[in-house]
Amino acid sequence: MNGYIEGALNPILGSEGLGLHAGFFVIVGLTLAVLVWVAIELWRKPVVAERMTDSILQMRMSQGNDRVARAMTRAFLPGVLMMGSLWVATGSAFLDEKYRSTVLEIGLAGVLVSLVLIGSVALFNRPRFLAPPHMRGDRSLFARE
């Protein structure tokens, strides 16, 4: 698998593409920093969760369902973890060749694990330690009324 990933990176890591890759790395890093700040605010302040839920409802992403909007808000932290994994995967391009594919694989595995955690927290509210403390008592999307 390492050879396949190395082959896929060759067009990106050419002399022309390295600057573009560095720019993407910086953009993902800055976005990650903002998302970490928002996650800390979400964790500490219940009013931030209410604002996020209201924003999701206004964007009609949840089809007007308050429980779906709250589920999307609960799954914010695993989303931040996914962005961190993407940043690690992006940064692998700047490492020595013998470490590059391993770090890329770790970053991509982190993205996949984060996707599973996003679904788990959003749909089932499990594991509860990944949900903000004030949202841990929310019922899952599959709980009956």
Side-chain angles (χ1 to χ4, degrees), residues 1-2 4-13 17-97 99-145:
M1 185 162 171
N2 289 346
Y4 175 75
I5 292 175
E6 290 289 329
L9 283 177
N10 282 340
I12 297 171
L13 297 177
L18 195 58
L20 180 65
H21 200 79
F24 184 69
F25 179 73
V26 169
I27 289 171
V28 171
L30 291 174
T31 304
L32 178 61
V34 170
L35 291 177
V36 166
W37 175 75
V38 172
I40 291 170
E41 291 295 305
L42 175 65
W43 202 264
R44 291 181 180 169
K45 301 175 184 173
V47 70
V48 174
E50 295 305 319
R51 283 190 210 146
M52 286 178 80
T53 301
D54 290 343
S55 296
I56 291 169
L57 286 170
Q58 289 175 2
M59 289 186 282
R60 299 183 190 270
M61 291 172 52
S62 63
Q63 301 297 319
N65 189 333
D66 187 54
R67 284 176 63 186
V68 172
R70 285 188 64 82
M72 289 178 168
T73 304
R74 267 195 321 265
F76 189 77
L77 182 62
V80 174
L81 294 174
M82 182 175 71
M83 194 66 159
S85 298
L86 179 66
W87 189 65
V88 168
T90 305
S92 69
F94 305 107
L95 297 175
D96 190 50
E97 276 190 40
Y99 302 115
R100 184 180 302 151
S101 62
T102 304
V103 172
L104 180 62
E105 289 171 358
I106 290 169
L108 293 177
V111 168
L112 291 175
V113 168
S114 297
L115 284 172
V116 170
L117 289 173
I118 287 170
S120 175
V121 171
L123 297 175
F124 306 109
N125 202 12
R126 298 276 192 259
R128 289 195 190 269
F129 70 88
L130 287 178
H134 48 85
M135 299 182 89
R136 291 178 184 165
D138 289 0
R139 293 187 334 208
S140 73
L141 287 179
F142 296 114
R144 292 189 180 181
E145 303 239 359

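Just so you know, residue 1 is the first one in the sequence shown, and it goes up from there. Computed over heavy atoms, backbone and side chain alike; hydrogens, waters and symmetry mates excluded.
What you find for Ala89 and Ser92 is that their closest heavy atoms are O-OG, 2.6 Å. The two residues Met52 and Phe76 have their closest heavy-atom pair at CE-CD1, 3.5 Å.
Scanning for ring-ring contact (aromatic ring centres under 6.0 Å, His included) contacts around Trp43 gives an empty result, with sequence neighbours left out. Here Thr53 pairs with Thr73 under the side chain to side chain donor-acceptor pair (under 3.5 Å) rule; sequence neighbours left out. Looking at residues two or more places apart in sequence or on another chain, you find a side-chain contact (heavy atoms from CB on, under 4.5 Å) between Ser85 and Val111, Ser114. With sequence neighbours left out, Val26 forms a side-chain contact (heavy atoms from CB on, under 4.5 Å) with Leu30. Partners of Val36 by side-chain contact (heavy atoms from CB on, under 4.5 Å), not counting sequence neighbours, listed by chain and number: Leu32, Ile40, Val80.
Under the 4.5 Å side-chain criterion, counting only non-hydrogen atoms from C-beta, Met72 is not in contact with Arg67.
Looking only at distances, a side-chain donor or acceptor of His134 sits under 3.5 Å from a matching main-chain atom of Leu42.
Note: Thr31 OG1 to Phe24 CZ = 9.0 Å, rounded to the nearest 0.5 Å. How far CG of Leu117 is from CG of Leu112: 11.0 Å, rounded to the nearest 0.5 Å. Interatomic distance, Asn65 CG to Ile56 CD1, rounded to the nearest 0.5 Å: 11.5 Å. For the atom pair Asp54 CG and Met59 CE, the distance stands at 10.5 Å (nearest 0.5 Å).
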If you look only at distance, which donor and acceptor atoms sit under 3.5 Å apart when one is on a side chain in residues 119-129 and the other is two or more places apart or in another chain?
from, atom 1, to, atom 2, distance (Å)
Ser120, OG, Arg126, O, 2.4
Asn125, OD1, Arg74, NE, 3.4
Asn125, ND2, Arg136, O, 3.2
Asn125, ND2, Asp138, O, 2.9
Arg128, NH1, Arg136, O, 2.2

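A salt bridge does not link Arg100 with Glu105: none of the charged nitrogens is closer than 4.0 Å to a carboxylate oxygen.
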